[in-house]
Amino acid sequence: MKIAIINKQLILYFRGDVKLKPDLSIEVCGRKFKNPVVVASATPSKDSSFMKKCVDYGVGGIVAKTVTVEPRLQKHVSPRFTILHKKGWPFAFSNYSCEFLATHTPEEWAEELAGAARYCHEHNTRLIGSISGTTLQVWADLAQKMAGTGVDMLELNFGCPHPNDLGYKSGLELGSDPELACEVVKTVVAAVDLPVFVKLTAEGISPVMMARKMQECGASGVTVINRFPALDIDIETGRPLLHGSFAGVGGPWMRPLMLKWVAKVAREVDIPVSATSGIWDWQDIVKAIMAGASTVQTCTALMYSEMGFRKINDFIIGLESFMERKGFSSIAELRGISLGQIVTWDKVDRKTRATSAVNPQRCTGCGMCKGWCLYGAISFKSKKAVIDPGKCSGCGLCASLCLDEAIFMQGPVPIFLGDFN
């Protein structure tokens, strides 16, 4: 009966009467994710109740908050979150924060994780444990303890911007030391029978080189990339914001940086890549997968947007609708389609020339474009901008900045300035 129904659906599909929904599932290291949307290791996965909430909104996977034996990283400061460039919220702003790791001891966290793991498995959601050790033995002990809770994978936190001045290498300091990081990976891989991902940093080291090294040392995959360490200051007192030290910074502006490293890493390694940082809308999910990611992690969008955890469902619906509209039947078909279109520097087209033109119906005569043009190509006639194609160098600045979208570019080949929305 089921076969008959499927065959009928296929007949309708090929006739064009019915379109089959795309398959959002993706297999990563032998574990099937029902969709590629993963909650990153952060506040939204800070305890079992929050992780269950993520599951209820349909997420494909969750990376639990990082567990440690270090007491100084288990104790949070207050306040620990603020926003930079607030006038740009909700589209162009910075998440500036200094929340540390899980506030539980490893024993307490194992209980939280076990409960979350049961709930995740009941709802076909993958759970990934995240750990940060102090010595090789502690890394092995934490890995075994978390593996015993029923998690599907482990992620080694080699990217956290906070741990420093601790007397040992942790977070991004560890992630910037290839040899020590390799020792940790080998230790953890030998200690557990689970896929082991490494979360990379872009601070002071090439993520591509580090990804290659982690693959050589036995890592099953890499997460690209963590936020950056940063500093902002109160100018009235000169004191650093929040806790008085360096903090982590991220936000939607990180998407182009993340995409660059995901693409570069994906072309150089044979292990899965999980993308993280800069994810704000479903379009960002699509771009990360096009750049070679198998899964895409999100945190800031759940914390700083007006939608909260509902953003998860928004991601999934947007991704599915896009794939259906473009005719992609699976994530595998979508993954990495941008990689072959990234040309090397010597092959960049330097011959074809586009020029800007004006739609007079949209032009309000504001005059700003004349100041933007460094080539003297823009003048005004009857309070409308006019562009001299002989003087226009085709740089694209005026078309990109025009608030009324009255300026556009034209030429003999397709032009890609981005989606200004």
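Across every non-hydrogen atom of Thr352 and Pro412, the tightest pair is CG2-CG, 3.4 Å. Taking each heavy atom of Ser206 and Trp261 in turn, the nearest pair found is OG-CZ3, 4.3 Å. In terms of heavy-atom proximity, Val55 sits nearest to His123 at CG1-CB, 3.5 Å. Heavy-atom minimum distance, Gly58 versus Ile312: C-CG2, 4.2 Å. Residues Asp346 and Arg350 approach most closely at O-NH1, 3.9 Å, considering heavy atoms. The shortest non-hydrogen separation linking Ala385 to Ile378 is CB-CG2, 4.3 Å.
In summary, the aromatic rings of Phe93 and Trp280 are positioned with their centroids under 6.0 Å apart. Checked against the 6.0 Å centroid criterion, the rings of Phe158 and Trp139 qualify as a close aromatic pair.
In this structure, Glu405 CD and Ser400 OG are separated by 10.5 Å, a value rounded to the nearest 0.5 Å. Going from atom NZ of Lys347 over to atom CD1 of Ile342 covers 14.0 Å, rounded to the nearest 0.5 Å. In this structure, CG in Leu172 is found 6.0 Å from CD in Glu203, a value given to the nearest 0.5 Å. To the nearest 0.5 Å, atoms OG (Ser170) and CG (Asn157) are separated by 7.0 Å. In this structure, the separation between SG on Cys395 and OH on Tyr375 is 5.5 Å, given to the nearest 0.5 Å. Going from atom CD1 of Ile317 over to atom CH2 of Trp282 covers 12.0 Å, rounded to the nearest 0.5 Å.
Between Asp404 and Arg362, no side-chain nitrogen of the basic residue sits less than 4.0 Å from a carboxylate oxygen of the acidic one, so the salt-bridge criterion is not met. A salt bridge does not link Lys75 to Glu70: none of the charged side-chain nitrogens sits closer than 4.0 Å to a carboxylate oxygen. With salt bridges taken as basic N to acidic carboxylate O contacts below 4.0 Å, one links Arg126 and Asp152. Under a 4.0 Å N-O distance rule, the pair Lys213/Glu179 qualifies as a salt bridge. A salt bridge is defined here as a Lys NZ or Arg NE, NH1 or NH2 lying under 4.0 Å from an Asp or Glu carboxylate O, and Glu27 with Lys32 fails to meet this definition. Under the 4.0 Å criterion applied to side-chain N and carboxylate O atoms, Lys65 and Asp47 are not assigned as salt-bridge partners.
Val59 places a side-chain heavy atom less than 4.5 Å from the side chain of Thr125. By the 4.5 Å heavy-atom criterion applied to side chains, Leu194 and Met153 are not counted as neighbours. Residues Cys160 and Leu101 meet the side-chain proximity criterion, which asks for heavy atoms closer than 4.5 Å. Considering only heavy atoms from C-beta on, Val222 comes within 4.5 Å of Ile271 through its side chain. Side-chain contact between Thr298 and Phe315 is present, with at least one heavy-atom pair separated by less than 4.5 Å. When side chains are defined from C-beta on, Phe197 does not count as touching Leu154, because their heavy atoms never get closer than 4.5 Å. Residues Val63 and Ser45 have side chains not in contact (no heavy-atom distance under 4.5 Å, counting atoms from C-beta outward). Between Asp23 and Ile331 there is no side-chain heavy-atom pair separated by less than 4.5 Å.
No hydrogens or angles considered: a donor-acceptor pair under 3.5 Å links the side chains of Thr43 and Glu99. Judged purely by distance below 3.5 Å, without hydrogens or angles, the side chains of Asp56 and Tyr119 pair a donor atom with an acceptor atom. Side-chain atoms of Tyr304 and Asn95 include a donor-acceptor pair closer than 3.5 Å. In this structure, a donor-acceptor pair under 3.5 Å is absent between the side chains of Ser132 and Thr66. Side-chain N/O atoms of Thr103 and Gln74 include no donor and acceptor closer than 3.5 Å. Side-chain polar atoms of Glu183 and Thr187 form no donor-acceptor pair below 3.5 angstrom. Side-chain contact, Arg227 with Ser97: a donor N or O sits under 3.5 Å from an acceptor N or O.
Environment of CG in Asp193: sparse, with no more than 12 heavy atoms of neighbouring residues, nucleotides or ligands closer than 6.0 Å. For Ile235, the CD1 atom sits in a loose shell: 12 or fewer heavy atoms of surrounding residues, nucleotides or ligands are nearer than 6.0 Å.
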Practice item. Report the C-alpha distance between Ile387 and Thr355 in whole Å, list the side-chain angles of each, state the deciding distance to 0.1 Å, and finish with yes or no for side-chain contact (heavy atoms from CB on, under 4.5 Å). Key: CA-CA 9 Å; Ile387 297 178; Thr355 56; over 6 Å; no

Note to self: Using side-chain contact (heavy atoms from CB on, under 4.5 Å), reason through Met51 and Leu113 one step at a time and then give a plain yes or no.
What the structure shows: CA-CA 9 Å; Met51 288 186 266; Leu113 221 51; 4.0 Å; yes

Cys369/Ile407 under side-chain contact (heavy atoms from CB on, under 4.5 Å): CA gap, chis, key distance, verdict | CA-CA 9 Å; Cys369 56; Ile407 304 178; 3.8 Å; yes

Would you check, one step at a time, whether the test salt bridge (charged side-chain N to carboxylate O under 4.0 Å, His left out) holds for Glu216 with Lys186?
CA-CA 10 Å; Glu216 291 171 7; Lys186 287 180 177 178; over 6 Å; no

Check against side-chain contact (heavy atoms from CB on, under 4.5 Å), Trp372 and Met368
CA-CA 7 Å; Trp372 296 326; Met368 287 192 285; 3.7 Å; yes

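Applying the ring-ring contact (aromatic ring centres under 6.0 Å, His included) criterion to Phe50, with sequence neighbours excluded, gives Phe309. In this structure Cys182 satisfies the disulfide (SG to SG under 2.5 Å) test together with Cys217, sequence neighbours excluded.
Remark: side-chain polar atoms of Asp284 are paired, donor with acceptor, to backbone N or O of Asp281 under 3.5 angstrom. With hydrogens and angles ignored, the 3.5 Å screen pairs a side-chain donor or acceptor of Arg80 with a backbone N or O of Val77.
Among the candidates Arg255, Met258, Met254, the single residue satisfying the side chain to side chain contact (heavy atoms under 4.5 Å, CB included) test with Ile279 is Met258.
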